[in-house]
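Accompanying notes for the structure given below.
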Amino acid sequence: GRVDGLEARVNGIEAGSFTETTTFGGVAEFLVGASSNGGQDTEEAVMFNYHYSFDLNTSFTGDDKLNVEISAGNQNSTGSESKTVNKVLDFGEPSGDGLRIEDINYTFPVGEWKLSVGESMDASKNWPNACAVNNIVDALGDCGAANSVDLSGDISFSAGRSFGDGWDVGLGISANDGETAKGMFTKEGADYYGAALGYSSDNYAVTLAYSDKDSTSYWGATAAYTPDGFPTISGGVEFGNPEASSNDTTQYTVGISSDLGEGELSASFGTKDAYTDSQTELFAYDVSYSYPINDAMTITPFVYIVEQTGDDDTGIGVITSFKF
């Protein structure tokens, strides 16, 4: 009787547990930083922000993956603090202390292709991207080619495959109005399309991409080169062509990263936005050092400058990350 009772309890525990094909992983990040903007006292404050997220990944065939990302943080999506450190870095997600699903998608193979479909998923999920620098300022992300090489999206489909000999290709489509009355892939909705082609060898990589984001088309390129005995040099450029204007835009970023001691030193420089030929370009600069305390904990001190029409934004801080 005791054995039967114990067996019943074990069966109850197993029924409420994860399946054998479900894995759990997460990260908790803490940001402490201060910024100064034009001598305004309201912008010269020390900020503390946290970001917590975890992934649940389940496979049903051994070659596929259902991914769900759930996160929380104390960042606000709007407000007068737009020049504070967490907004310049785009740290975490603007969930306002609420726990919410940030991404849910399903990836599966079809022949040589890897296909993904999901909500809140980038259309470039399965694309190549040669940019290799760890930027801190969000405007310098993806080596300045975030609209093309790293195509965002909402209700998205992404495909990618490798052709061998270093060649990779990616295709993607996304509808940002899949949850509204405007509908998906309609004239009223905001739809994205794009493609990328990449090549990589032992010490360098290049990616070319094109995207159409509703009313603007973009051409972008990123590259990374690691000479023997030297740091990795990354760079990118992106050209925008708005349909409603003849004023094309340009944006670019250059970065360098190198092992230093136990950690990695990174520095980036580039335009803080896309500019036309008639506009005055403003730039952003950042330097960071990522140091692993152990296999699960990393601290990253950083400093940045973001130019403004008036006085520049300057910031300093440290990010502490725990992975589990």
Looking at side-chain heavy atoms only, is the closest gap between [X] and [Y] below 4.5 Å?
{"X": "Leu140", "Y": "Asp286", "result": "yes"}
{"X": "Leu208", "Y": "Tyr199", "result": "no"}
{"X": "Thr249", "Y": "Phe239", "result": "no"}
{"X": "Lys65", "Y": "Ser59", "result": "no"}
{"X": "Val169", "Y": "Phe163", "result": "yes"}
{"X": "Glu238", "Y": "Thr250", "result": "no"}
{"X": "Asp103", "Y": "Val68", "result": "no"}

Check: Trp219 ring centre within less than 6.0 Å of Tyr210 ring centre: yes

**Request:** Dump the intermediate steps for side chain to side chain contact (heavy atoms under 4.5 Å, CB included) on Thr300 and Val318, then the final yes or no.
**Result:** CA-CA 5 Å; Thr300 306; Val318 61; 5.7 Å; no

According to a hydrophobic-cluster definition based on side-chain heavy atoms being under 4.5 Å apart (Ile, Leu, Val, Met, Phe, Trp, Tyr only), do [X] and [Y] belong together?
{"X": "Leu260", "Y": "Ile293", "result": "yes"}
{"X": "Val303", "Y": "Tyr291", "result": "yes"}
{"X": "Leu151", "Y": "Leu171", "result": "no"}
{"X": "Ile305", "Y": "Ile256", "result": "no"}
{"X": "Met121", "Y": "Val110", "result": "no"}

Next item on the list: Dump the intermediate steps for side-chain hydrogen bond (donor to acceptor under 3.5 Å, both in side chains) on Ser71 and Glu102, then the final yes or no.
Entry: CA-CA 6 Å; Ser71 70; Glu102 293 295 339; 3.1 Å; yes

As an exercise, state the distance from [atom1] of [X] to [atom2] of [Y], rounded to the nearest 0.5 Å.
{"X": "Asn74", "Y": "Phe91", "atom1": "CG", "atom2": "CZ", "answer": "8.0 Å"}
{"X": "Tyr192", "Y": "Asp214", "atom1": "OH", "atom2": "CG", "answer": "7.5 Å"}
{"X": "Ser246", "Y": "Asn241", "atom1": "OG", "atom2": "CG", "answer": "9.5 Å"}
{"X": "Ser162", "Y": "Asp168", "atom1": "OG", "atom2": "CG", "answer": "4.0 Å"}
{"X": "Arg100", "Y": "Glu69", "atom1": "CZ", "atom2": "CD", "answer": "10.5 Å"}
{"X": "Tyr289", "Y": "Ser257", "atom1": "OH", "atom2": "OG", "answer": "13.0 Å"}

Got a list of side-chain donor-acceptor pairs under 3.5 Å for residues 222-232, not counting sequence neighbours?
from	atom 1	to	atom 2	distance (Å)
Thr222	OG1	Asn129	OD1	3.3
Thr222	OG1	Ala130	N	3.3
Thr226	OG1	Thr232	OG1	2.8

Without swapping roles, check the side chain of [X] against the backbone of [Y] for a donor-acceptor pair under 3.5 Å.
{"X": "Thr298", "Y": "Pro292", "result": "no"}
{"X": "Ser158", "Y": "Ala123", "result": "yes"}
{"X": "Asn67", "Y": "Asn105", "result": "no"}
{"X": "Asp212", "Y": "Asp191", "result": "no"}
{"X": "Ser211", "Y": "Lys213", "result": "no"}

Determine the minimum heavy-atom distance between [X] and [Y], stating which atoms define it.
{"X": "Met297", "Y": "Thr320", "result": "CE-CG2, 3.9 Å"}
{"X": "Val133", "Y": "Ser268", "result": "CG2-OG, 3.7 Å"}
{"X": "Ile319", "Y": "Phe302", "result": "CG1-CE2, 3.9 Å"}
{"X": "Ser288", "Y": "Ile136", "result": "CB-CG1, 3.5 Å"}
{"X": "Ala196", "Y": "Trp127", "result": "CB-CE3, 3.5 Å"}
{"X": "Asp122", "Y": "Ser152", "result": "OD1-CA, 3.5 Å"}

Disulfide (SG to SG under 2.5 Å) pairs touching residues 236-324, sequence neighbours excluded, are none

Worksheet item: For Lys125 and Thr107, what are the C-alpha separation, side-chain angles and deciding distance, and is it a side chain to side chain contact (heavy atoms under 4.5 Å, CB included)?
Response: CA-CA 10 Å; Lys125 179 178 176 66; Thr107 299; 3.6 Å; yes

Can a side-chain donor-acceptor contact be found between [Y] and [X] if the only test is distance below 3.5 angstrom?
{"X": "Ser278", "Y": "Thr276", "value": "yes"}
{"X": "Ser124", "Y": "Asp150", "value": "yes"}
{"X": "Ser174", "Y": "Ser156", "value": "yes"}
{"X": "Thr22", "Y": "Thr58", "value": "yes"}
{"X": "Glu264", "Y": "Ser290", "value": "no"}
{"X": "Glu243", "Y": "Ser215", "value": "no"}
{"X": "Gln251", "Y": "Lys272", "value": "no"}

Worksheet item: Where does the angle between the aromatic ring planes of Phe30 and Phe322 fall among parallel (under 30°), tilted (30 to 60°) and perpendicular (over 60°)?
Response: perpendicular

In Val137, Leu282, Thr314, the residue satisfying side-chain contact (heavy atoms from CB on, under 4.5 Å) with Val306 is Val137

Using the side chain to side chain contact (heavy atoms under 4.5 Å, CB included) rule, take Leu197 and Trp167 through it: C-alpha gap first, then chi angles, then the decisive distance, then the call.
-> CA-CA 7 Å; Leu197 176 67; Trp167 291 97; 4.0 Å; yes

ring-ring contact (aromatic ring centres under 6.0 Å, His included) pairs touching residues 244-281, sequence neighbours excluded, are Phe269-Phe283, Phe269-Tyr285

**Message:** For Asn294, I'd like to know if atom CG has over 12 heavy atoms of other residues, nucleotides or ligands within 6.0 Å.
**Reply:** yes

Evaluate the ring pair (Phe, Tyr, Trp, His ring centres under 6.0 Å) criterion for residues Phe54 and Phe24: first the C-alpha distance (whole Å), next the side-chain angles of each, then the deciding distance (0.1 Å), finally the verdict.
CA-CA 7 Å; Phe54 61 89; Phe24 173 94; 5.3 Å; yes

| Step-by-step ring pair (Phe, Tyr, Trp, His ring centres under 6.0 Å) determination, Phe108 to Tyr106 | CA-CA 7 Å; Phe108 56 98; Tyr106 180 61; 5.4 Å; yes

